[in-house]
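Just so you know, residue 1 is the first one in the sequence shown, and it goes up from there.
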Amino acid sequence: MQSNVKNIFDSFNDYLVKDQELRTEIRDIVRDIDQAAKEAAIALQVIHSSIADVSAACATARERFETCRTGYQKLADLIPQGQYYRYNDHWHYMTQRIVFLIALTIYLEKGFLVTRDTAAEVLGLHVNQKDGFHLDIEDYLVGILQLASELSRYAVNSVILGDYEKPLTISKFVADLNSGFRLLNLKNDSLRKRFDALKYDVKKIEEIVYDISIRGLRAEGAPVPAVAAATAPVAAEAPE
């Protein structure tokens, strides 16, 4: 082999070896974050079987989020500047799931939707791409859509546990969420498909509220939340 050809391919090999070593380090960190996320998810599953243990479950989840935060800081220190999207396939879906868990925890504690800024703060991430390791908008939105699906399940199990008011508040919340997403012009295929499933969550919760109402199970005088029409067109265009 000619020496110049060997030198060229030796440099390629050095690059590939270093890249593989970096990816191995990333996978090790992501594995630890993912384990903490799984433990948070397991803790929060108690909401489907017990009303009394919700606060304790949220406290446990928040402890696991601290572990996630530490892991993301390690990733931020490890990823070369400007190469976030070169390696983000390692943590892309995991981040969506963690945003969902954060959103669920805050909803259970406070009853409102977590903002992207707050979710990023919990994980120690930036919100602006130019600032470095950040919480991508798409990851935040997909996590919120996962929240809607979980709340539809929560509404069903709340009725089973004898809590007939919970589905009413969930219905209002998910209706507002649905209206918010309809303000977006969703061109991303995966995000659009995930959003399309939201109308089924809305419909499922509507049916639960209807059943509670006709059976006379809701509190006297409690208003039935108005649910946004699931077939309404997407209205406005989101900023690029």
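Under a 3.5 Å cut-off, the side chain of Ser213 and the backbone N or O of Val209 do form a donor-acceptor pair. Checked by atom type and distance alone, the side chain of Ser158 pairs as donor or acceptor with a backbone atom of Tyr154 at under 3.5 Å. Between the side chain of Arg182 and the main chain of Leu177, no donor-acceptor pair closer than 3.5 Å is present. Thr24 places a side-chain N or O within 3.5 Å of a backbone atom of Gln20 that can act as its donor or acceptor partner.
When all heavy atoms are compared, the tightest approach of Gly71 to Ile29 is O-CG2, 3.4 Å. The heavy-atom pair separating His134 from Asn128 by the smallest distance is CB-O, 3.9 Å. Of all heavy-atom pairs between Ile33 and Cys68, the closest is O-SG, 3.8 Å. A pairwise comparison of heavy atoms in Leu22 and Pro80 identifies CD2-CD, 3.9 Å as the closest pair. Minimum interatomic distance between Ala37 and Ile98 (heavy atoms only, all atoms of both residues): CB-CG1, 3.7 Å. Taking both residues in full, the closest heavy atoms of Ala43 and Thr60 are given as CB-CG2, 3.8 Å, listed atom of the first, atom of the second, then distance.
His48 and Glu150 form a side-chain donor-acceptor contact under 3.5 Å, judged by distance and modelled atom types alone. When only modelled atom types and interatomic distance are considered, Thr67 and Thr70 share no side-chain donor-acceptor pair under 3.5 Å. Under 3.5 Å, the side chains of Tyr200 and Ser149 contain no donor-acceptor pair of N or O atoms. In this model, a donor atom of one side chain and an acceptor atom of the other lie less than 3.5 Å apart for Tyr85 and Asp136.
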Next item on the list: Evaluate the criterion side-chain contact (heavy atoms from CB on, under 4.5 Å) for residue pair Ile102 and Phe65; output intermediate values, then yes/no.
Entry: CA-CA 8 Å; Ile102 292 171; Phe65 297 152; 3.9 Å; yes
Next item on the list: Give the intermediate values and the outcome of side-chain contact (heavy atoms from CB on, under 4.5 Å) for residues Trp91 and Ile26.
Entry: CA-CA 9 Å; Trp91 60 79; Ile26 292 172; 4.2 Å; yes
Next item on the list: Kindly determine whether Asp14 and Lys18 satisfy salt bridge (charged side-chain N to carboxylate O under 4.0 Å, His left out), including the steps that lead there.
Entry: CA-CA 6 Å; Asp14 290 342; Lys18 290 179 181 178; over 6 Å; no
Checklist line | Candidate pair Tyr140 and Val127, rule side-chain contact (heavy atoms from CB on, under 4.5 Å), full reasoning | finding: CA-CA 10 Å; Tyr140 167 76; Val127 291; over 6 Å; no
Check: What do the steps show when you test Asn178 against Lys199 for side-chain contact (heavy atoms from CB on, under 4.5 Å), and what is the final call?
Finding: CA-CA 8 Å; Asn178 185 44; Lys199 64 175 177 281; 5.6 Å; no
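No side-chain heavy atom of Leu104 sits under 4.5 Å from any side-chain heavy atom of Val114. For the pair Leu113/Tyr107, no side-chain contact is recorded, criterion being any heavy-atom separation below 4.5 Å from C-beta on. Considering only heavy atoms from C-beta on, Glu63 stays 4.5 Å or farther from Glu66 through its side chain. For the pair Tyr72/Leu75, a side-chain contact is recorded, criterion being any heavy-atom separation below 4.5 Å from C-beta on.
With a 6.0 Å radius and a threshold of 12 heavy atoms from other residues, nucleotides or ligands, Glu39 has its CD atom above the threshold. When the shell of 6.0 Å around CD of Gln81 is examined, it contains 12 or fewer heavy atoms from other residues, nucleotides or ligands. Residue Leu161 places its CG atom among more than 12 non-hydrogen atoms of other residues, nucleotides or ligands, all under 6.0 Å distant.
No chain of hydrophobic side-chain contacts below 4.5 Å, direct or via other Ile, Leu, Val, Met, Phe, Trp or Tyr residues, connects Leu141 to Tyr93. Hydrophobic cluster membership is shared by Ile160 and Ile212, with clusters built from Ile, Leu, Val, Met, Phe, Trp and Tyr side chains linked at under 4.5 angstrom.
Rounding to the nearest 0.5 angstrom, the gap separating the CD1 atom in Ile51 from the CG atom in Asp163 is 4.5 Å. A distance of 8.5 Å separates CD in Gln45 from CD1 in Ile42, rounded to the nearest 0.5 Å. Within the model, atoms CZ of Arg64 and CG of Leu44 stand 10.5 Å from one another, a figure rounded to the nearest 0.5 Å. A distance of 14.0 Å separates CD1 of Ile79 from NZ of Lys74, quoted to the nearest 0.5 Å. The CG atom of Asn88 sits 9.0 Å away from the NE2 atom of His90 when rounded to the nearest 0.5 Å. Note: Leu101 CG to Leu147 CG = 10.0 Å, rounded to the nearest 0.5 Å.
Look at Glu207 and Lys203 and you find a salt bridge, because one of the NZ, NE, NH1 or NH2 atoms lies within 4.0 Å of a carboxylate O, short of that distance. At a threshold of 4.0 Å, the pair Arg62-Glu109 counts as salt-bridged, since one of the basic side-chain nitrogens sits closer than that to a carboxylate oxygen. Electrostatic pairing of Asp201 and Lys204 does not count as a salt bridge here, judged by no charged N lying under 4.0 Å from a carboxylate O. A salt bridge links Arg23 with Asp19: at least one charged nitrogen is closer than 4.0 Å to a carboxylate oxygen.
Tyr84 and His92 have their aromatic ring centers separated by at least 6.0 angstrom. For Phe133 and His126, the ring centers are positioned 6.0 Å apart or more.
Applying the side chain to side chain contact (heavy atoms under 4.5 Å, CB included) test between Lys172 and each of Thr169, Asp176, Val174 identifies Asp176 as the sole match.
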